[in-house]
Structure formats: structure tokens, C-alpha cells
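Step one of this worksheet: look at the structure below.
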Amino acid sequence: NQSDESEEKRKAETVLDSKKELEEIVQVSYSIPYLLNFSNAAIRKGNYALANELLDDAMKLTEEKGYELLKARIWNARSRIEENVGRYREAKNHSKKAQAIHLEFGDELGYAANRSNEGVSECKSGNYERGKALILADQRIHQMNNDLPGVAYCLNNLGNIEDHHNNLKNALTCYIASYDIKIKI
């Protein structure tokens, strides 16, 4: 896990270095997907100030262009930032904003994914019972829609919950089921 994290941070640094090099050569304006990718790299690297700047730019563009559904991705990214710095209430609030957008557009899988993130924030803030309930409900939505990445994500989170409570046999069962799905994908 640690080597995966180091590799992710190295990749994030490469992405951000490429961005900086390009900006030194020419004046650049980025499309929303690039801004979101750069912000994800900044989040992985732990540069939350840069991530928020990029998300602000992305939000302005989505408002200018009327891309309402993309706002959910921005709120989700903001939720990740807040969770990473331990502000779980703010993380849950941002996640709920993303969920509302997904519901408005009838995007059941997006809703379930963001509500799973809220479940993770609930667990990290100590409310494991509510967090587990949210994740289980979302796992069912992913299963009903045959969304294997969503099911794997939920199983991994359930494994983390079981691990936290020292239910190591249950944790291992969840982790193995998640891994088996990820291999199929």
C-alpha cells in the first residue's frame, strides 16, 4: 500500500511539473477535464491550496458553460480535500451537494458513489454505524446496476471498517472480494 501511495505521489508530481513547464513556455487556459485532473494530482500530492485554486477555476468554467453535472465532480473533489485535512463535517456537506446534483440529473451511480464517500467521512469522524449503513446501501445500488468498480470500492471501505473494529476475518473477506472484482475489471 505504501509503495502504491509513493507511486501515486510520484505520478502526481510528474503531472504538476508538466503543467508548470507548459505554463512557462506559453500562456495556457485549460479545459474543465484538465483542471479536474490537475486538481486530483494536487490532492494526491497534498497541495490542497493549489487543488482549491484549480477547482475554483473549474467551477467558474462550469458555471459559464452551464455544465451543471460537472459541478458534482468539483464538490466531490472538495470533499476529498476536506476529508484529507480532517474537516469531516465540511467533507460531508460537500458530498451532499454532489449527491443533490446527481439526483437532479437521475444519475443513480454518481449519487451512490458520492454517498459512499459520505459514508467514509462518517467513519473517519467516528460514526461507523452510519458510515457502514451508507456504504452498504450504496453497494446494493452498484450491484443492481452491475457497476463492478463501485462494488469493489464499497467492499474495500467495508473491509476498512471491519479492520478498524478488529474483525479481521470479515475485513479479509471484504478485501479479497474487492480484489477479485478489481482483477476482473
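Computation of the quantities below employed the complete heavy-atom set of this structure, encompassing side-chain atoms and omitting hydrogens, waters and symmetry-equivalent molecules.
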Contact check, side chains of Glu8 and Lys11, non-hydrogen atoms, under 4.5 Å
yes
Under 3.5 Å, is there a donor-acceptor pair between the Asn160 and Tyr175 side chains?
yes
Indicate yes or no for a side-chain donor-acceptor contact from Asn114 to the backbone of Ser95 under 3.5 Å, with no hydrogens or angles considered.
no
Could you tell me whether a side-chain N or O of Ser178 sits under 3.5 Å from a main-chain N or O of Cys174, the two making a donor and an acceptor?
no
Between Thr173 and Lys169 (side chain of the first, backbone of the second, donor and acceptor by atom type, cut-off under 3.5 Å), is there such a pair?
yes
Value for CG (Asp163) from CG (Leu158), rounded to nearest 0.5 Å, stands at 12.5 Å
In short, Cys123 meets Ile161 closest at the heavy-atom pair SG-CD1, 3.4 Å
Given side chains that start at C-beta, do those of Met59 and Trp75 come closer than 4.5 Å, heavy atoms only?
yes
State whether the side chain of Asn47 and the backbone N or O of Leu50 hold a donor-acceptor pair below 3.5 Å, judged by distance alone.
yes
Are the side chains of Tyr153 and Val120 in contact, using a 4.5 Å heavy-atom criterion?
yes
Between the CD1 atom in Ile32 and the CD atom in Glu64, the distance rounded to the nearest 0.5 Å is 8.5 Å
Quick one: do Ile81 and Leu70 end up in the same hydrophobic cluster if we chain Ile, Leu, Val, Met, Phe, Trp and Tyr together by side-chain heavy atoms under 4.5 Å apart?
yes
Would a distance-only check, ignoring hydrogens and angles, find a side-chain to backbone donor-acceptor pair under 3.5 Å from Ser39 to Ala51?
no
Leu55 vs Leu36, side-chain contact (heavy atoms from CB on, under 4.5 Å): CA-CA, chis, key distance, verdict:
CA-CA 7 Å; Leu55 292 170; Leu36 293 173; 4.0 Å; yes
Phe105 atom CZ, neighbour heavy-atom count above 12 within 6.0 Å
yes
With a 4.5 Å limit on heavy-atom distance, are the side chains of Tyr30 and Asp57 in contact?
no
Applying a strict under-4.5 Å side-chain criterion to I, L, V, M, F, W and Y, I'd like to know whether Ile74 and Tyr67 cluster together.
yes
CD on Glu122 to CG on Asn127, rounded to 0.5 Å:
4.5 Å
A quick test of your reading: do over 12 heavy atoms of other residues, nucleotides or ligands sit less than 6.0 Å from CD of Glu63?
yes
Same cluster (ILVMFWY, side-chain, under 4.5 Å), Leu35 and Tyr48:
yes
Assess whether atom NZ of Lys45 is packed by more than 12 heavy atoms of other residues, nucleotides or ligands within 6.0 Å.
no
Going by atom types only, do Arg80 and Asn117 share a side-chain donor-acceptor pair under 3.5 Å?
no
Is the number of heavy atoms from other residues, nucleotides or ligands under 6.0 Å of Tyr34 OH greater than 12?
no
Start with the C-alpha distance between Lys132 and Glu162, add both sets of side-chain angles, then the distance that settles side-chain contact (heavy atoms from CB on, under 4.5 Å), and finish with yes or no.
CA-CA 10 Å; Lys132 185 175 182 178; Glu162 295 296 335; 2.9 Å; yes
When rounded to the nearest 0.5 angstrom, what is the spacing between CD1 in Ile101 and NZ in Lys71?
6.5 Å
Using modelled atom types only, decide if a donor and an acceptor are shared between the side chain of Asn145 and the backbone of Ile141 within a distance under 3.5 Å.
yes
Working to the nearest 0.5 Å, report the span between CG of Leu134 and CD of Gln139.
13.0 Å
Between CD on residue Glu53 and CG on residue Asp56, distance to nearest 0.5 Å:
7.5 Å
Side chains of Glu90 and Val85: does their closest heavy-atom pair fall under 4.5 Å?
no
Just by distance, do the side chain of Ser116 and the backbone of Ala112 share a donor-acceptor pair under 3.5 Å?
yes
More than 12 heavy atoms of other groups within 6.0 Å of Arg73 CZ
no
Does the side chain of Ile181 come within less than 4.5 Å of Ile185's, by heavy atoms?
yes
Going by side-chain hydrogen bond (donor to acceptor under 3.5 Å, both in side chains), Glu118 matches just one of Lys92, Gln99, His94. Which one?
Gln99
In chain order, what residues pass the salt bridge (charged side-chain N to carboxylate O under 4.0 Å, His left out) check against Lys97, with sequence neighbours excluded?
none
If the threshold is 4.0 Å, N to carboxylate O, is there a salt bridge linking Arg89 and Glu83?
no
Checking His164 against Tyr128 for the side-chain hydrogen bond (donor to acceptor under 3.5 Å, both in side chains) test, could you report, in this order, the C-alpha distance in whole Å, the side-chain angles of both residues, the deciding distance, and whether it holds?
CA-CA 9 Å; His164 173 79; Tyr128 286 94; 3.1 Å; yes
